[in-house]
Amino acid sequence: MSQGPELIITEKDNAARRIADILSGDSATADREQGVNVYKWGGKRCIGLSGHVVAVDFPQEYSDWRDVEPVELIDAPIEKNPTKQNIVTTLKKLARRARRVIIATDYDREGELIGKEAYELVRRVNESTPIDRVRFSSITEESVTTAFENPDDLDFNLAAAGEARQVIDLVWGAALTRYLSLSAGQLGSDFISVGRVQGPTLKLIVDREREIEAFDPEDYWELFVDLTQADKPIEVSTDDTAAEFEAQYFYHADDGTEAERITEESTAKTVFETLESASIAHVDSVKRRTRTDEPPAPFNTTQFISAAGSIGYAAQRAMDIAEDLYTAGYITYPRTDNTVYPDELDPRELIEALTNGSRFGSDARDVLDQETLSPTTGDEETTDHPPIHPTDELPKPSELDDDKWEVYELIVRHFLATVSNPATWEHLRIVAIVDDTYSIKSNGRRLLNPGYHAVYPYSNATESLIPDIEDGETLRLIDSRIEAKQTQPPRRYGQSRLIETMESMGIGTKSSRHNVIQKLYNRGYIESDPPRPTQLARAVVEAAEEFAELIVSEEMTAQLETDMQAIAEGEETLESVTSASRSILTDVFKKLMNTDAEIGDHLQRSMKADKTIGPCPQCEGDLITRKSQAGSHFIGCDSYPDCEYTLPLPSTGKPHILETVCDVHNLQQIKMLAGKRSFVHGCPLCEAEAADEQADRVIGTCPECNAHADGELAIKRLRSGSRLVGCTRYPDCEYSLPLPRQGEIDVTDNICDEHALPALQILEADENTTKDKTTKESDDIWELGCPICNYREYQSDQTDSSTLESVHGIGAKTAEKLKDAGVDTVSALKSAEANTLADRVDGVSVDRLRKWQSTAD
DNA sequence: GCAAGGTC
């Protein structure tokens, strides 16, 4: 038996650090080996993986799509290859002389598989060392110590269940993806993918679009009246009653249910005439009830994404921010299904810590004043991670940018809400009769006790007040309205709703659902937000429905879950389950192979339809959006190379075809998508023609070539729609300076001393231009100044914030703070003196400095 | 270059 150290392996670095701290009593130190943290204390080492560090794949000889028939992938061998070489190498090096190995990956199925992957890597270099497995539900002192005192064995059956999923997903996904791509002649980066999770998700979106298109609206009418109490003078109002209130006409349908919609126009008019001519109504019933309104359950990933969505964050963006908040130590792990706080969480202690928060401290204190503090519970309790909640480490306001603050505050307030009292409402329902015939009703609600709403402004707590009316009272009719409406088609899924639906269907995981949606965007299957399916998406779903129904059905996951359960319980094996699945896929391919050309043609036509903007002005062909070999987008004719007609597009963003058609050229307008810098380009032919017509405006001499030639600088408009200050000798001289895309350019009499160029200003620039708001003088005029000085300033702004941010993950604000404190950022990052540095810079935690320092080498 | 699942 070797005398080497004991090696602890966790699923991620963050967990490794916290476990090392707990087991060592904070005495562990971190060494960096090949960019991997190894925590060390006594005779122990602790290393964090990065999820799966190996991946299943086909052998090299199967990698050429043209040489291998997709059907051959079904029975091809599968191998596991390292994907994080540095971690694998470091792990093996440590394992070689380890006296004992303890696997401490997450306590869930995927964690068991990741643990088994580590197990196999260890065994490759060390055949005999004992390997144990520990399981704990939260990384707290008590749970971790108890787990390490009671080591167990790896559950190989559970890991095999995970492996079955890997194999089935790879085989089905790769074989069908290659088949569809090849049949449509798509060999480049625009391949056509399908998979067990993306398939049904895409079908959800396509099915909804089909419902919307098939929807046949029906007319209906609704009637409303405005009322006051007859025995009170008009306009008397106390604090919680309104003098005037609204009621709606209703009747009882044949089945006895209450209905408001009238489907016959003549009936609606008859009722309306009566309401209009009536002057009073008699109160028939008054019902009062008190309702409690329970605070929300703790946040799991889906509910967090949904709440963030309601304050304007797309799913991916919300998760990116949550990831940042988690690595900075401000919130717990953001990928969780759990909606029950663990016993180890002491709400009182955490709320007390939150009382120090600048934006929510007083709300936290109010919650502490409650008589009881019992958190709500959701209906899912898992063993891997707690629900998302803030930690007791609070960020200083300057440490987070506005978006991060907003999301952080949402998480804090949601936590406070889950430990707050319920709200109570008084509901008041009044029914009155008009002309002894027609019923009208009014529903009011009044907040008796705001409860959790006091700390959670994201929930709806709108009151709708109606007067305190009594049974038998007479009401005065002031006004009546008839509203003609139409039934509406079902709404498209928003990203949050899509993720919620995926969860309820059991497809995808807490960590993967938002990525799947992103993938559908990247594959050209959906566009805009809320997502709409492209023609290609419809064609893929149609093809799958006909020949490979399982790959767009949630049944595939349901069956797989059943099979995995059986493997985990030892009733089935990895081998039996995967071979049954392979045989089903073989049958699918038998059907597919009989239909070759059909599917490919359909996919091709749909792909072309997604790119077409209208007729080519020079031939019978269609203009489509295309991409040059260099990667830039342009408009070209689909008859190329017979027709070489092209139009340029702006260089920023990806083109998106709008439904609006230019009535001069019959071409659809184009929007360039570039996140927050997206803008509408319009009809590309109109843009090109406008540029052709506009003469260059000379403003000075060219600094690059004027010494040896006679180049002049001019304001130019390009056919792509962009504008610049450039040399008149272009293309012989390529000197140019950028100008904003929109707003009228005004040349002033102010000449720059250094460059002898006039200052420019932009008039009537609208909100969508790319200008930097801080340089804006007023709402209407943007003083650009000398174009050379302006460009120089713009460039230095770019490098200041972006290099530090991209290289070291330091935000622009923090970089500035470091500079203000007299710390040279680069050398600070290389220095090991985190504590001393943190003292000098207010608001930068030692943890974060350590993190940055680890990126500096 | 394919999937889905981890994580950064």
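Throughout, a chain's letter reflects where its sequence line sits, starting with A, and its residues are numbered from 1.
Taking only side-chain nitrogens and oxygens, A/R196 comes nearer than 4.0 Å to OP1 or OP2 of B/dG5. Note on A/R335: every side-chain N or O is 4.0 Å or more away from OP1 and OP2 of B/dG6. Regarding contacts with the backbone of B/dG6, a side-chain N or O of A/S511 is found under 4.0 angstrom from either OP1 or OP2.
The distance between atom CD of A/E554 and atom P of B/dA4, rounded to the nearest whole Å, is 15 Å. With rounding to whole Å, A/L202 atom CG is found 11 Å from B/dA4 atom P. Note: CD (A/E110) to P (B/dA3) measures 17 Å, nearest angstrom. Following rounding to the nearest Å, A/K519 (NZ) and B/dA3 (P) show an atom-to-atom distance of 5 Å. The nearest whole Å value for the distance from the CG atom in A/L325 to the C1' atom in B/dT7 is 17 Å. Following rounding to the nearest Å, A/D190 (CG) and B/dC2 (P) show an atom-to-atom distance of 11 Å. Spacing between atom CD1 of A/I517 and atom C1' of B/dA4 amounts to 15 Å, rounded to whole angstrom units. In this entry the distance linking CE of A/M556 with P of B/dG5 reads 11 Å, nearest Å.
Among the nucleotides B/dA4, B/dG5, B/dC8, the one closest to the side chain of A/S512 is B/dG5. Here the nucleotide nearest the side chain of A/E323, chosen from B/dG6, B/dT7, B/dC8, is B/dC8. When distances are taken from the side chain of A/Y326 to each of B/dC8, B/dG6, B/dA3, the shortest belongs to B/dC8. Of the candidate nucleotides B/dC8, B/dG5, B/dC2, B/dC2 has the atom nearest to the side chain of A/R523. Listed nucleotides: B/dC8, B/dC2, B/dT7. Nearest to the side chain of A/T327: B/dC8. Among B/dC2, B/dC8, B/dA4, the nucleotide with an atom closest to any side-chain atom of A/F191 is B/dC2.
Non-hydrogen atoms lying under 4.0 Å from DNA chain B are contributed by A/D169, A/L170, A/G173, A/A174, all within residues 169-176 of chain A. Only at 4.0 angstrom or more do the heavy atoms of residues 380-389 of chain A sit from any atom of DNA chain B, so none qualifies.
If you check every strand for non-hydrogen atoms under 4.0 Å, A/G188 touches a base. Residue contacts shown for A/R66 are absent, as no nucleic acid heavy atom lies under 4.0 Å away. A/S181 comes within contact range of no nucleotide atom at all, as no heavy-atom separation falls under 4.0 Å. As judged by a 4.0 angstrom heavy-atom cut-off over every strand, A/S50 is placed among the base-contacting residues. Residue contacts for A/Q198: at a heavy-atom cut-off of 4.0 Å it reaches the sugar-phosphate backbone alone, with no base atom in range. Here A/R178 lies in heavy-atom contact (under 4.0 Å) with a base. Residue-level contact check: A/V516 touches neither bases nor backbone, having no heavy atom under 4.0 Å from any strand.
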Check: residues 582-591 of chain A side-chain donor-acceptor pairs under 3.5 Å, at least two apart:
from: A/R582; atom 1: NE; to: A/I74; atom 2: O; distance (Å): 2.8
from: A/T586; atom 1: OG1; to: A/R582; atom 2: O; distance (Å): 2.8

Name the atoms and distances for all side-chain donor-acceptor pairs under 3.5 Å in residues 45-55 of chain A, with sequence neighbours left out.
from: A/H52; atom 1: ND1; to: A/E117; atom 2: OE1; distance (Å): 3.0
from: A/H52; atom 1: ND1; to: A/E117; atom 2: OE2; distance (Å): 3.0
from: A/H52; atom 1: NE2; to: A/E110; atom 2: OE2; distance (Å): 3.0

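Here A/Y326 pairs with A/Y333 under the ring pair (Phe, Tyr, Trp, His ring centres under 6.0 Å) rule; sequence neighbours left out.
Under a 3.5 Å cut-off, the side chain of A/T201 and the backbone N or O of A/V197 do form a donor-acceptor pair. No side-chain donor-acceptor contact under 3.5 Å links A/S632 to the backbone of A/S628. Remark: side-chain polar atoms of A/D106 are not paired, donor with acceptor, to backbone N or O of A/D384 under 3.5 angstrom. For the pair A/Y330 (side chain) and A/D324 (backbone), a donor-acceptor distance under 3.5 Å is absent. Side-chain atoms of A/T89 come within 3.5 Å of backbone N or O of A/Q85 as a donor-acceptor pair.
For the pair A/R523 and A/Y521, the NZ or CZ position fails the cation-pi test of under 6.0 Å to the six-membered ring centre and within 45 degrees of the ring normal.
Comparing A/I87 and A/Q166 along DNA chain B, the residue whose closest nucleotide (by nearest heavy atom) sits nearer the 5' end is A/Q166.
Checked by distance alone, A/S193 brings no side-chain donor or acceptor within 3.5 Å of a matching partner on the base of B/dC2. Put simply, the side chain of A/D57 and the base of B/dC2 share a donor and an acceptor less than 3.5 Å apart.
Between A/Y408 and A/W405, the ring planes lie perpendicular to each other; the angle is over 60°, past the 30° to 60° tilted range.
Here salt bridge (charged side-chain N to carboxylate O under 4.0 Å, His left out) pairs that include residues 326-337 of chain A, with residues two or more places apart or in two chains, are A/E323-A/R335.
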